[in-house]
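Remarks on the structure that follows.
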Amino acid sequence: MYIGKGNELSRRAFMRRSSQLAGAGVASSYALGLAGIGEAAAFSSAGGYKALVCVFLYGGNDHGNTLIPYDATNYARYADIRGGQGDQGGGIALSRGNLAGTVLNTPNDQTLTDDIQYALAPTMPRMKARFDQGAMAPLLNVGPLVVPLTRAQYDSDNNSQFPRPAKLFSHNDQQSTWQSSQPEGSTTGWGGRMGDLAQGGNTNSMFTLINATNNAVFMTGENAAPYKVSNNGATLFRGLDRGRVFRSQSASGALDSLLRASNGNVLEADYSMINARSIEYGGFISDALDNTTLSTDFGSGNGLAAQLSVVARLIAARNRLGVTRQVFMVGMGGFDHHDGLIGNHDERLSQVDFALDRFYQATLDLGIQDQVTTFTASDFGRTFASNGDGSDHGWGSHHFIMGGGVNGGRFYGTAPQVSVDSDDQVGRGRLLPAVSVDEYSATLARWFGVSASELPSISPNIGRFASPDLGFMQTT
């Protein structure tokens, strides 16, 4: 079944890419080395199927209690800042003794800032095992940046020379900035922009972008739009077939017309488009899933695991769906822990640990672990300093990348000092990112098949940074 669009780039998209390349070209030696505009539409589907899966942790995950200083010196600093009493912890500091089972061994050829050694939260033993296996890598202190910034530049009044992301520490603004690498209000995200390039290589371009969580700008491209699924698979309108509305075919037809209707309002047009896509292609998705077997047990009662389960089923059905490149998004809320951090945060991380582990196991069971990469993101990190019972909105944070194509078992980025007054933070332990989201997205995009010349269309600020490759993905 063919449900495709042509792979021609629109004139508007071409002009936008031209301006992005031009803007990047004056910014750095890397940008000056980009291939010419003649390669602007290049995208490689070499190596067969590949998928990226974004796991967004809504609310701003507390990185300080996710990846925790474990060595004696840095743990003492951590406990003191977070209100603890020695190795016993306390305040919002976890006990050092409870971290012994999730310590991540730093590779012999790596030395982290102040010789810090990290442990994962004690409720994340499965991620510890995946790190040890070389399938998971932490990316340290990553966040939105327009240009590289030092603390002195951040404190400067010269915002034109040293620009910073707009409306820092705001949930909605920073969710949008993370997902788009542009200010809040952007109409496209970097997942969607990858979909723009990839959809021409899919027989059924409709299923290039699949969203299993709330609508998000991350999944919207210039031309590509996400297909929405539920935890059970396709989102179906049960009353539209066989006259099920009041047992009347006419009533069912009227409902169909209402669901698809649009009067030109941009929001109503978007709503009707999503409805129309669900109506037209729901049966196709359902048939593909019905003919697919998944042996991995995702358990029950874990919403994130349920979302990743349907993603795994859709990946298993990739041949029936007619796709070679896909971007997925799943999400989990409840990470805005201004209070009740201890206990509540641990439980959320336990669910993340189980869900990510089961999803990676599913890729192993399907034999495609090298072709699927999962990565985490969140609104922002948190203050390292305690507010009494929790932490407040921050900036940089630590995240995880997992898959058979990941150079796992080691750390990427720069470990921040365990402090609230060092030059790598901007007050109360809010991390000043050492790695930009643009570098994060560009590294994933290159693995996905995006050409060097197209990186500015995915990661619009990448020309201002030294390299588009952080090294956490294997080259193919």
Side-chain angles (χ1 to χ4, degrees), residues 1-9 13 39-54 189-212 218-229 233-234 277 281 284-285 287-289 291-294 308 310-330 359-360 362-375 401-406 441-455 457-458 473-476:
M1 182 178 182
Y2 178 75
I3 314 175
K5 293 180 180 178
N7 62 356
E8 298 87 356
L9 295 172
E39 194 198 341
F43 183 88
S44 173
S45 295
Y49 178 84
K50 285 186 178 179
L52 288 170
V53 183
C54 175
W190 48 272
R193 296 193 293 265
M194 279 193 253
D196 283 336
L197 297 176
Q199 66 177 347
N202 288 335
T203 301
N204 289 339
S205 62
M206 182 64 59
F207 308 123
T208 304
L209 303 173
I210 296 187
N211 188 4
F218 176 77
M219 294 294 281
T220 302
E222 286 277 354
N223 302 306
Y227 183 86
K228 186 75 169 66
V229 296
R277 287 156 63 92
Y281 308 122
F284 183 70
I285 286 278
D287 288 344
L289 293 178
N291 286 281
T292 300
T293 300
L294 188 68
L308 286 169
V310 75
V311 170
R313 292 170 61 206
L314 289 164
I315 290 174
R318 62 195 180 281
N319 292 331
R320 291 180 178 275
L321 295 180
V323 288
T324 59
R325 288 292 188 277
Q326 287 184 288
V327 180
F328 296 89
M329 186 173 185
V330 299
F359 181 71
Y360 180 65
T363 67
L364 289 171
D365 293 343
L366 292 168
I368 56 167
Q369 67 275 13
D370 295 348
Q371 299 160 267
V372 180
T373 299
T374 308
F375 62 96
I401 310 103
M402 188 167 63
V406 175
S441 61
T443 305
L444 293 166
R446 289 295 282 142
W447 173 83
F448 193 61
V450 175
S451 68
S453 66
E454 277 287 8
L455 285 183
S457 73
I458 306 301
M473 296 303 301
Q474 297 172 15
T475 57
T476 55

Report task. Decide side chain to side chain contact (heavy atoms under 4.5 Å, CB included) for L289 and L314; before the verdict, give the C-alpha distance in whole Å, the side-chain angles of both, and the deciding distance to 0.1 Å. Result -> CA-CA 7 Å; L289 293 178; L314 289 164; 3.8 Å; yes
Which heavy atom of [X] sits nearest a heavy atom of [Y], and at what distance?
X    : Y    : result
A288 : A317 : O-CB, 4.0 Å
M329 : N211 : O-OD1, 3.5 Å
A234 : Y227 : CB-OH, 4.1 Å
T220 : P226 : OG1-CD, 4.3 Å
A224 : G192 : CB-O, 4.2 Å
A198 : F43  : CB-CZ, 3.8 Å

How long is the gap from [atom1] on [X] to [atom2] on [Y], to the nearest 0.5 Å?
X    : Y    : atom1 : atom2 : answer
N204 : R320 : CG    : CZ    : 13.0 Å
N291 : N319 : CG    : CG    : 12.5 Å
D196 : S457 : CG    : OG    : 8.0 Å
I368 : K50  : CD1   : NZ    : 13.0 Å
M194 : M219 : CE    : CE    : 10.5 Å

Query raised in the report: Applying the side-chain contact (heavy atoms from CB on, under 4.5 Å) test to L321, which of I285, T292, T208 qualifies?
Result: I285
Report summary line: Tested for side-chain contact (heavy atoms from CB on, under 4.5 Å) against V372, the lone hit among L366, V53, L52 is V53
Query raised in the report: Going through the distances and angles, do V330 and F359 end up as a side chain to side chain contact (heavy atoms under 4.5 Å, CB included)?
Result: CA-CA 12 Å; V330 299; F359 181 71; over 6 Å; no
**Report entry** Pairing residues for T324 by the side-chain hydrogen bond (donor to acceptor under 3.5 Å, both in side chains) criterion, not counting sequence neighbours
**Finding:** N202
Report task. Find out whether M402 and T373 are in side-chain contact, i.e. whether some heavy atom of one side chain is under 4.5 Å from a heavy atom of the other. Result -> no
**Report entry** Aromatic centroids of W447 and F375 separated by under 6.0 Å
**Finding:** no
Is there a donor-acceptor contact under 3.5 Å from the side chain of [X] to the main chain of [Y]?
X    : Y    : answer
R325 : S44  : yes
R318 : I315 : yes
R193 : E222 : no

Requested in this report: Take F328 and L209 through the side chain to side chain contact (heavy atoms under 4.5 Å, CB included) test and state the conclusion after the steps.
Outcome: CA-CA 6 Å; F328 296 89; L209 303 173; over 6 Å; no
Query - Verdict with supporting geometry, V406 and Q474, side chain to side chain contact (heavy atoms under 4.5 Å, CB included) - result: CA-CA 6 Å; V406 175; Q474 297 172 15; over 6 Å; no
Report task. Kindly assign one of parallel, tilted or perpendicular to the pair Y281 and F207, based on the angle between their ring planes and the thresholds 30° and 60°. Result -> perpendicular
